[in-house]
Number of protein chains: 2
Amino acid sequence: MTSQLATKESTKTLLLESGIEIMLEKGYNNTGIMEVLKRTGVPKGSFYHYFESKEDFGLKIIDHFAEGHKEKLDKTLGDRSLSPLSRLKGFCRLAVSNFQSLNCRKGCLIGNLSQEMSDQSEVFRKRLLEIQGESHRRFADCIREGQQRGEISKKYNGDDLAELFLSVWSGAFVRAKTAKTIEPLHAVERLLFEHILVP
Amino acid sequence: MTSQLATKESTKTLLLESGIEIMLEKGYNNTGIMEVLKRTGVPKGSFYHYFESKEDFGLKIIDHFAEGHKEKLDKTLGDRSLSPLSRLKGFCRLAVSNFQSLNCRKGCLIGNLSQEMSDQSEVFRKRLLEIQGESHRRFADCIREGQQRGEISKKYNGDDLAELFLSVWSGAFVRAKTAKTIEPLHAVERLLFEHILVP
DNA sequence: TAACAGATTAGACCAGTCGTCTAGGGTATG
DNA sequence: CATACCCTAGACGACTGGTCTAATCTGTTA
């Protein structure tokens, strides 16, 4: 029974992670179940054993990705051994180097799906919004802490600044995906860390 | 002959404009030719008379949208009767009010398709990149002019600032689409015009 | 060992899409 | 009237994607 559960979980996880890979490049609408199945070698019938529908699969993928994303935030923004500003920098460096090692493809699933699905599905929109909100909160906390320490300029409202940070970041990723270079990310990093955030 | 041309052009334009409407909400992959045809009442056979393929249609849609976009830029950023900073503000106000009147849907086709198609089609990517570049150039020009006049802070590099402006703006639209409120746009506007841009 | 239950697989099935094709209708010109 | 060309009509084939049902496999229990 334990082995069954283990198998079940690993097949399911396999499908989810493979799905994340494909959806990162092709979006929700354009990724077909068959492609996920071919890549993993899982038979078609199994898919609908583990997931109710493509929509269910998509939502589970979002949750699975969000978990991984949360861990990344923990490792960067949550690292109390660094100053708040350094944590923000660390987050950016990690994101840029991941993106670069992927040949300027994919980007962030939450951002991609938010753009694609917000007008198409209320279920997706709401789930995505929750995750965005959680991210925003964590960035805002980090920024406010930096402001208290005098490391980040106090002239801005912390929530607004977090909003700007996230917006500029996700926008720059789209630019970078299109240009297939990390230069837009660097431009934005320079402005943020050399001028805007500093007091 | 003139009337034929007129008819031809109007049917073609009708298809393009209807296509823009649908693609703005559903993206490229998820909009079917049939839906465009149904909405316009144009018969299917005509579609392939005017366009070679769906891809051709998509690219023509991008061009058509880009023309309209250029006109919007002319009216806002190109209005020499206003100061550069006022032009930037005017652009933002117009964009926000359009977006609001559309119930926080759709956004900008170039941004949307850039996100969706950059990893999927080189043809699309290149065309989209050109248009982004053109936008960037126009914003950078306006910003530099503002800097020369002492209206915009000189401590930033003009190109970088244009990059930030466009990134933050498109990113905030995604946030706003997901949250279905214009608040993210306002937050970003406040920071931009009350703190970052001003000397 | 035999029966059973639940997990998993196989693939038939239907709906919908894209893109093509041929036949026909409209319209202006010689 | 004839002719040439633009446009329309919609059937059609090929294919894909998502769903569903029936069969199989596996492990447990009597």
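Every chain is numbered from 1 and lettered A, B, ... according to where its sequence line falls, protein lines coming before strand lines.
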Would you tell me whether B:Q120 and A:K26 have side-chain atoms, one donor and one acceptor, within less than 3.5 Å of each other?
-> no
Would B:S114 and B:Q132 count as having a side-chain donor-acceptor pair, cut-off 3.5 Å?
-> yes
For a quick test of reading the model: is some side-chain N or O of [X] closer than 4.0 Å to OP1 or OP2 of [N]?
{"X": "A:H49", "N": "C:dT8", "result": "yes"}
{"X": "B:S53", "N": "C:dG19", "result": "no"}
{"X": "A:Y50", "N": "C:dA7", "result": "no"}
{"X": "B:Y48", "N": "C:dT20", "result": "no"}
{"X": "A:S46", "N": "C:dT8", "result": "no"}

N/O donor-acceptor pair, side chain A:K44 with base D:dG18, under 3.5 angstrom | yes
Return the value, rounded to whole Å, for the distance between atom [atom1] of [X] and atom [atom2] of [N].
{"X": "B:L15", "N": "D:dC7", "atom1": "CG", "atom2": "P", "value": "12 Å"}
{"X": "A:F47", "N": "C:dA12", "atom1": "CZ", "atom2": "P", "value": "20 Å"}
{"X": "A:N30", "N": "C:dG16", "atom1": "CG", "atom2": "P", "value": "19 Å"}
{"X": "B:L37", "N": "C:dC18", "atom1": "CG", "atom2": "C1'", "value": "12 Å"}
{"X": "A:N29", "N": "C:dG16", "atom1": "CG", "atom2": "C1'", "value": "14 Å"}
{"X": "A:I22", "N": "D:dG17", "atom1": "CD1", "atom2": "C1'", "value": "14 Å"}
{"X": "A:I33", "N": "D:dT19", "atom1": "CD1", "atom2": "P", "value": "7 Å"}
{"X": "B:M34", "N": "D:dA9", "atom1": "CE", "atom2": "P", "value": "13 Å"}

The single option from B:R105, B:K180, B:K106 that satisfies side chain to side chain donor-acceptor pair (under 3.5 Å) with A:D119 is B:K180
What does B:G32 touch in the nucleic acid at a heavy-atom separation under 4.0 angstrom: a base, only the sugar-phosphate, or nothing?
-> sugar-phosphate
With side chains defined as the heavy atoms from C-beta onward, is the minimum distance between B:C92 and B:F193 less than 4.5 Å?
-> yes
Judged by nearest nucleotide, the residue sitting upstream toward the 5' end of DNA chain D, A:E35 or A:G45, is A:E35
Just checking, A:K54 and A:Y28: is the charged tip under 6.0 Å from the six-membered ring centre and within 45° of the axis?
-> yes
